[in-house]
Amino acid sequence: MKKLILGISGGVSFLIFLVLLTVTGYLGNSQQTQRMAERWSEKDDVAQVSCFFSVDASITEDRIQEFEHSIDNALADASVVQESENPSARLWVDAYSADGKISLASDRGSVDADAIGIGGDFFLFHPLRLVSGAYFSGNDLMQDYCIIDEDAAWQLFGSSNVAGMTVYIGRVPHIVTGVVERPKGRLAEGAGLDSTLVYVSMGTLEELGSSNGINHYEIVMPNPVTHFAYNYVKEQLGMEEKETEVVENTSRYSFVSRCKMILQFGLRSMNGKAIIYPYWENIARGYEDILAVLTLVELIFLLYAIGVALGFFILWWRHKGWTIKDVCLKGKDKVERRMELARARRKAKHGDTEDLEFLSEFDDREPGAKLLGRIAQRLGQRDPEKAEQKARKQEEKKARREAARGQKAEQKARKQEEKKARREAARGQKAEQEATQEAGQEARKKARKAAGKK
């Protein structure tokens with residue numbers, strides 16, 4: 001009964017492990033901001049890297065552009081070239097952004113909102129759900145675009161279908177290219193998405209709003225060797241360790257990364273850097289904590305299932321009644337028997353049935369016995385005298401073999417007796433030597449005592 005309960009509990013434990021493994025995989029894959037590398041290339045040859053800066057890092061657009069110009073040279077040095085025939089194809093793509101605040105106004109109302117000034121292909125990395133309209137790029141020549149969330153759309157226009165309409169930022173008209181749905185939920189609100197948020201160009205935020213400076217940079221680039229992209233970004237942009245933090249998003253939610261996160265328990269919440277993370281990074285870090293806990297539970301259930309299976313295996317192994325050596329010897333014997341039987345069959349077809357007859361004596365179930373009977377019957381029908389002579393010869397050979405076996409057994413028995421006699425003689429000699437040594441020691445002791453009395 002105990003074995004049955006253990007077996008069921010082990011099976012249930014392994015099933016729970018599989019369920020948790022599926023759940024963690026789903027949660028990790030649901031974070032679209034961490035999966036830009038998969039969207040950029042179907043091959044596992046690119047990496048997504050994020051870099052976060054403090055306000056004191058003083059990262060400017062000129063510094064970003066200088067870094068961008070160095071990427072192609074670094075890839076060329078690593079023998080990475082563009083293989084696509086499309087002239088507009090790119091090896092890498094990046095984006096940068098800044099936090100701040102901005103005021104928007106329309107004919108129906110106004111709103112003060114949190115703002116993100118974007119540069120590069122920001123919305124490739126952050127594919128927010130569009131309620132209406134489309135995205136814009138930070139690389140566009142015209143910078144008078146913006147994207148607002150549903151709350152801002154209702155406050156400014158009383159509707160969410162407002163793509164193409166105009167809002168005023170610092171009395172400068174801007175076109176609303178799209179309306180997005182702001183992520184909701186406990187994690188999103190805790191990450192900073194608890195108020196109205198709009199997206200504008202970097203120039204608009206710096207000129208018409210209040211900006212905290214560029215504090216986020218993201219890139220997807222070729223990764224010819226492990227950590228090539230991560231190390232390059234860290235060397236070029238992460239020079240001040242206290243002012244920057246570099247994250248490789250590509251393998252962020254892998255099993256190995258989650259196990260490392262478990263080992264960092266207690267240290268995770270400590271932040272010695274003057275960095276304020278954007279909402280998407282806060283959400284990603286929250287999911288890291290959740291997945292680390294789920295991974296720990298996964299490991300517990302997996303180890304229990306493995307322990308039960310190992311226990312049953314040890315129990316079976318101890319009571320199996322055979323050894324690996326037995327199996328090997330049995331297999332080797334079977335192979336040799338088959339080879340001998342095949343040779344005997346070939347000889348029997350040419351009239352020499354001696355070996356086949358010898359093998360059939362050990363196992364009547366072998367097809368050699370039936371074949372021997374058919375061959376003997378065929379030979380008897382052709383030439384009875386020849387068959388009788390062959391039978392006598394076979395009997396004589398059989399007798400000689402038996403006599404040889406008897407002589408061999410007798411020789412073996414004699415050798416064993418001789419070995420036994422030699423061992424007993426050696427034991428006797430050893431006992432005599434020990435007795436002589438003891439007698440000598442006693443004599444020396446008596447002599448020393450007598451000398452002492454004198």
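Every heavy atom of this structure was used, including side-chain atoms; hydrogens, water molecules and symmetry mates were not.
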When you look at Y199 and S97, which way does the side-chain hydrogen bond (donor to acceptor under 3.5 Å, both in side chains) test go after all the steps? CA-CA 10 Å; Y199 302 86; S97 56; over 6 Å; no
Could you tell me which non-hydrogen atom of L91 sits nearest to which non-hydrogen atom of P222, and how far apart they are? O-CD, 3.2 Å
Would you find a donor on one side and an acceptor on the other, under 3.5 Å apart, between the side chain of T24 and the backbone of L20? yes
Taking the six-membered ring where the residue is Trp, are the ring centres of W280 and F122 under 6.0 Å apart? yes
Establish, yes or no, whether a centroid distance under 6.0 Å links the rings of Y96 and F125. no
Test item: D99 and H216 side chains (from C-beta on) under 4.5 Å apart, heavy atoms: yes
Please examine the side chains of R285 and M261, heavy atoms only from C-beta on, and report whether any two atoms are closer than 4.5 Å. no
When rounded to the nearest 0.5 Å, the distance separating CG of L291 from SG of C259 is 11.5 Å
Under 3.5 Å, is there a donor-acceptor pair between the side chain of D333 and the main chain of L329? no
Over 12 foreign heavy atoms within 6.0 Å of CG, D77: yes
Can E66 and D62 be said to form a side chain to side chain contact (heavy atoms under 4.5 Å, CB included), step by step? CA-CA 6 Å; E66 180 183 346; D62 291 338; over 6 Å; no
How many angstroms lie between CG in L299 and CD1 in I306, if you round to the nearest 0.5 Å? 9.0 Å
More than 12 heavy atoms of other residues, nucleotides or ligands under 6.0 Å from CD of E336: is that the case? yes
Ring centroid separation for F123 and Y135, is it under 6.0 angstrom? yes
Only one of Q416, K415, K408 passes side chain to side chain contact (heavy atoms under 4.5 Å, CB included) with K412, and that residue is Q416
Is there a side-chain hydrogen bond (donor to acceptor under 3.5 Å, both in side chains) between H174 and T204? Walk through the geometry before answering. CA-CA 9 Å; H174 284 67; T204 295; 3.1 Å; yes
How close do V246 and C51 get, counting heavy atoms only, and between which atoms? CG2-SG, 3.7 Å
Taking the basic N atoms (NZ, or NE/NH1/NH2) and the acidic carboxylate oxygens, is any pair closer than 4.0 Å for E189 and K184? no
To the nearest 0.5 Å, atom NE2 of H319 lies from atom CD1 of I314 at 12.0 Å
Report the C-alpha separation of R182 and E150 in whole Å, then their side-chain angles, then the decisive distance to 0.1 Å, and conclude whether the salt bridge (charged side-chain N to carboxylate O under 4.0 Å, His left out) test is met. CA-CA 7 Å; R182 190 169 74 234; E150 289 181 287; over 6 Å; no
Apply side chain to side chain contact (heavy atoms under 4.5 Å, CB included) to M221 and L75, showing your working. CA-CA 9 Å; M221 61 183 291; L75 294 176; 4.0 Å; yes
Check for a donor-acceptor pair, side chain of S13 on one end and backbone N or O of F301 on the other, with a separation under 3.5 Å. yes
One thing to verify: whether R90 and D72 come together as a salt bridge, which I'm taking to mean a side-chain N less than 4.0 angstrom from a carboxylate O. no
Residues K101 and D112 bridged, charged N to O under 4.0 Å: no
Output, in order, the C-alpha distance, side-chain angles, deciding distance and verdict of side chain to side chain contact (heavy atoms under 4.5 Å, CB included) for E61 and E206. CA-CA 11 Å; E61 288 190 88; E206 291 179 348; 4.2 Å; yes
Counting only N and O atoms by type, is there a donor-acceptor contact under 3.5 Å from the side chain of D149 to the main-chain atoms of A152? yes
Donor-acceptor pair, distance only, cut-off 3.5 Å: does the side chain of T22 make one with the backbone of L18? yes
Of the non-hydrogen atoms in L27 and S30, which two are nearest, and what is the gap between them? O-OG, 2.6 Å
Taking all non-hydrogen atoms of both residues into account, name the closest pair between F17 and E298 and its distance. CD1-O, 3.5 Å
Judged by atom type as modelled, is there a donor-acceptor pair below 3.5 Å linking the side chain of S132 to the main-chain atoms of G178? no
Below 4.5 Å, heavy atoms only, C-beta onward: do I175 and V167 meet side chain to side chain? no
Decide yes or no for K3 and L315: does some side-chain heavy atom of the first lie under 4.5 Å from some side-chain heavy atom of the second? yes
Using 0.5 Å steps for rounding, measure from the OH atom of Y145 to the OG atom of S201. 10.5 Å
Within-4.5 Å side-chain heavy-atom neighbours: N139 and D121: yes
Only residue of I147, L205, I116, L104 satisfying side chain to side chain contact (heavy atoms under 4.5 Å, CB included) with V198 is L104
Do the charged groups of R35 and E38 touch, with an N to O distance under 4.0 Å? yes
Should L294 and I290 count as side-chain neighbours, where that means a heavy-atom distance under 4.5 Å? yes
Over all atoms of both residues, closest heavy-atom pair of Y287 and L187: CE1-CD1, 3.5 Å
Taking the six-membered ring for Trp, is the centroid-to-centroid distance between F14 and Y304 below 6.0 Å? no
Side chains of S70 and Y232: do they bring a donor and an acceptor to under 3.5 Å? yes
Do the side chain of D94 and the main chain of E218 share a donor and acceptor less than 3.5 angstrom apart? no
Quick one: sort the F67 and Y217 rings into parallel, tilted or perpendicular, breaks at 30° and 60°. perpendicular
pair V172-D144: side-chain heavy atoms closer than 4.5 Å: no
Of all heavy-atom pairs linking A98 and S211, the shortest is CB-OG, 3.8 Å
Start with the C-alpha distance between Q48 and W40, add both sets of side-chain angles, then the distance that settles side chain to side chain contact (heavy atoms under 4.5 Å, CB included), and finish with yes or no. CA-CA 10 Å; Q48 178 184 355; W40 184 253; over 6 Å; no
Please determine whether a side-chain nitrogen of the Lys or Arg among R171 and E207 lies less than 4.0 Å from a carboxylate oxygen of the Asp or Glu. no
Side-chain donor or acceptor of N223 paired with backbone N/O of A47 under 3.5 Å: no
Any side-chain donor paired with an acceptor under 3.5 Å for T196 and D151? no
State whether a side-chain donor-acceptor pair under 3.5 Å links H126 with T33. no
Gap between atom CZ of R63 and atom CZ of F53 - 0.5 Å precision: 8.0 Å
Would you kindly say whether Q32 and R39 are connected by a side-chain donor-acceptor distance under 3.5 Å? yes
Give, for atom CG of L263 and atom CG of L296, the distance between the pair rounded to the nearest 0.5 Å. 10.0 Å
Are V200 and I102 close enough that some pair of their side-chain heavy atoms sits under 4.5 Å apart? yes
Check: S106 side chain, L156 main-chain N or O, donor-acceptor pair, under 3.5 Å: yes
Measure from the ring center of F52 to the ring center of Y277 and say whether it is less than 6.0 Å. yes
Distance-only, no hydrogens or angles: does the S257 side chain make a donor-acceptor pair with backbone N or O of Y253 under 3.5 Å? no
